[in-house]
Amino acid sequence: MRMRTRTLAALSALMLVAVAGACSDDEQDITGTGNDRVYVQVERLGNPLVSEVTLAKRNHGFHNSGRPSTDVANHSAELKAFVTNVAGRDASVANTLAAVLLPDLLIVQTDKPANTAGWLTWALANGYGGRKLTDDVVDAGLQAIFGALLSPNNVSPGLSTDNVGQNDKAFASSFPYLAADN
Amino acid sequence: MLKLLTRRVGWVVAAAAGALTITLAGARDSRASDHQDTPDVELSPRMDINDVYAFPGSSPDRIVLVLTTSSPITPAQSASAAFDPNLLYQLKIDNSGDGVEDKVIQITFSGTGSAQQVLVRGPAVPTQTGPMNTLLTSEAAVAGAINTTIGTAGGIQAFAGIRDDPFFLDLEQFFRIVPDRKPVSGELSRLPDQPSATAFRPAGQAMDYLRGLNTLAIVLEMPSAMLTDGGTKKIGVWGTISR
């Protein structure tokens, strides 16, 4: 798989270089590397749960090099199997998680009120969605998979929160929002 | 093992799932051979996205996008921390609901160390969609030094540099619950090899493992219309790193 990916990447890179070379008159060289350089994706992240929660490690590279438009086809079955088989939850929990986490996009409804922002609020409350710095996504994930957030059946109370509810440093209310380094 | 600290929520839940399996099955062989993830990313933390955030900015019509990488960086390592000038960092936006990027923001770096410069291109329609990309042909929208705010408050504002890692979790307790997933080196590797806990620590005893640790952050703020232009107000955001 790795070899095949590399071969495909190399072939596509050659094609892209050929295309870029054919119209190189307006080529710019802002960084010194040139705009004809082909960059190959090695890492991808949308939601803070998907890529390593539910997918076997052998499939992480597959996800990392992939694109959201094929996420449902490529990863939905494995995500659902994780929830039902490993976490021991109902199929309804698995279906709900798959529906909100795939394609692996951080969904933002930019026309919703700012005070409704938060991870998955677009699905839970027709809110702004996105992901805030203060969102406790670990607990949200644990409560969905092991707790009673989506179903009262087969919960694991000791695993449904890590009891760390906020960052060690306060976030700023203005740009760049993240706290200064330590 | 850096992978264990990256895309960390995923690991956390997987680890907790492992703990549940242990509870149910009674015993489980060490799965050390499962620990190989994507070696390229594991061996190069600068290729690793820690977290992606999207939230409202200084006014309701502005949006903030954040991509963090390279965590954990200790305070001693922070003065010289810099991005990889050979990598392309991107935030991609689907505004038509098909999971294909309609706008991209491309972030590249030149130079090394604290004198590094950041260049932000876009948001703009990408030259190619999918996992192989070339740089946008437009000139950088914003460019300047790292570790400082650049751009304009009414247009695109950008900051790329060292910050406190905004993520928080009790990673140490996770490794006590599932020690077969703990790293092979460093402080956490010295935790007991056998499970020494079956649940998380109570409030007051739980500890944020990332307290006092830093990350390299790319923070961008811009009018939301730059991302929704030509599409819907509902968008999907994701981050990528390419080499």
Side-chain angles (χ1 to χ4, degrees), chain A residues 12 16 20 28 30-31 35-36 38-46 48-49 51-53 57 60-61 64-65 67-69 86-87 103 105-111 114 117 130-133 137-138 141-142 145-146 156 158-159 161-164 166-169 175-179 181-182, chain B residues 7 9-14 16-17 20 34 37-38 40-41 47 49 52-56 60 75 78 88 99-100 108 110 130-135 137 157 159 162-164 166 168-170 199-200 203 206 208 211-212 214 217 219 221 224 228 233-243:
Chain A
S12 303
L16 282 167
Q28 297 178 36
I30 296 169
T31 65
N35 283 350
D36 55 349
V38 177
Y39 291 86
V40 179
Q41 181 180 314
V42 293
E43 167 74 316
R44 172 168 72 112
L45 183 73
L49 270 170
S51 50
E52 291 203 344
V53 181
K57 284 185 178 291
H60 291 173
N64 274 343
S65 60
R67 57 183 89 194
S69 57
V86 181
L105 297 166
L106 200 55
I107 300 292
V108 184
Q109 300 194 121
T110 61
D111 54 346
R131 179 182 172 189
K132 294 181 298 179
L133 296 170
V137 296
V138 171
L142 290 173
I145 295 183
F146 297 105
S156 303
L159 298 176
T161 172
D162 74 340
N163 290 308
V164 175
Q166 61 184 15
N167 193 38
D168 56 321
K169 295 183 80 174
F175 196 89
Y177 304 102
L178 278 68
D181 60 302
N182 299 281
Chain B
R7 274 170 296 143
V9 178
W11 181 82
V12 159
V13 177
L20 187 66
D34 283 356
D37 196 70
T38 50
D40 290 341
V41 174
M47 278 190 210
I49 299 175
V52 173
Y53 301 85
F55 52 91
S78 294
L88 170 62
V100 177
T108 56
S110 59
M132 279 174 282
N133 303 126
T134 57
L135 293 178
T137 53
Q157 256 187 321
F159 173 96
I162 192 82
R163 292 271 112 179
D164 173 65
F168 46 91
L169 82 169
D170 191 343
F200 295 111
D208 175 11
R211 67 191 184 283
N214 298 322
V219 187
E221 180 172 331
S224 304
T228 60
K233 306 281 191 194
K234 181 180 182 179
I235 60 175
V237 178
W238 70 104
T240 67
I241 294 178
S242 308
R243 65 175 176 186

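Throughout, a chain's letter reflects where its sequence line sits, starting with A, and its residues are numbered from 1. Basis for what follows: all heavy atoms, side chains included, without hydrogens, waters or symmetry-related copies.
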S.K.: Who are the side-chain hydrogen bond (donor to acceptor under 3.5 Å, both in side chains) partners of B/Asp170, not counting sequence neighbours?
M.R.: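 In terms of side-chain hydrogen bond (donor to acceptor under 3.5 Å, both in side chains), with neighbours along the sequence ignored, B/Asp170 is linked to B/Arg201.
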S.K.: Check whether any side-chain N or O of B/Arg163 sits under 3.5 Å from a backbone N or O of A/Leu178 as a donor-acceptor pair, and report yes or no.
M.R.: yes
S.K.: Show the numbers, then the answer: is there a side-chain contact (heavy atoms from CB on, under 4.5 Å) between A/Phe175 and B/Val219?
M.R.: CA-CA 8 Å; A/Phe175 196 89; B/Val219 187; 3.7 Å; yes
S.K.: Is there a donor-acceptor pair closer than 3.5 Å between any side-chain N or O of A/Thr110 and the backbone N or O of B/Ser224?
M.R.: no
S.K.: Name the one of A/Val164, A/Val138, A/Leu159 that satisfies side-chain contact (heavy atoms from CB on, under 4.5 Å) with B/Phe200?
M.R.: A/Leu159
S.K.: If you count heavy-atom pairs under 4.5 Å with chain A, which of B/Ala206, B/Pro166, B/Ser78 comes out on top?
M.R.: B/Pro166
S.K.: For the candidates B/Ile162, B/Asn214, B/Leu88, B/Thr240, which exhibits the highest count of non-hydrogen atom pairs separated by less than 4.5 Å from chain A?
M.R.: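 Counting heavy-atom pairs under 4.5 Å, the top option is B/Asn214.
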S.K.: For chain B, find which of A/Leu133, A/Leu105, A/Thr161, A/Asn182 contributes the most heavy-atom pairs closer than 4.5 angstrom.
M.R.: A/Asn182
S.K.: Determine whether the aromatic ring centres of B/Phe159 and A/Tyr177 lie less than 6.0 Å apart.
M.R.: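 No, they do not, as the ring centres are separated by 6.0 Å or more.
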S.K.: If you tally heavy-atom pairs under 4.5 Å against chain B, which of A/Ala117, A/Ala114, A/Ala179 wins?
M.R.: A/Ala179
S.K.: Shorter than 4.5 Å, heavy atoms on both sides: which option in B/Gly236, B/Ala199, B/Pro60, B/Pro75 has the most such pairs with chain A?
M.R.: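 Top count of heavy-atom pairs under 4.5 Å with chain A: B/Gly236.
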S.K.: Under the criterion side-chain contact (heavy atoms from CB on, under 4.5 Å), I'd like the reasoning laid out for A/Gln109 against B/Lys234: C-alpha separation, chi angles, the key distance, then a yes or no.
M.R.: CA-CA 4 Å; A/Gln109 300 194 121; B/Lys234 181 180 182 179; 3.8 Å; yes
S.K.: Considering only heavy atoms and a distance below 4.5 Å, find which of A/Gly46, A/Ser69, A/Gly130 pairs most often with chain B.
M.R.: A/Ser69
S.K.: Chain B heavy atoms under 4.5 Å from A/Pro176: which part of the residue, side chain, backbone, both or neither?
M.R.: both
S.K.: Has the side chain of A/Asp168 got a donor or acceptor atom that lies under 3.5 Å from a matching backbone atom of B/Gly212?
M.R.: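 Such a contact is found between A/Asp168 side chain and B/Gly212 backbone.
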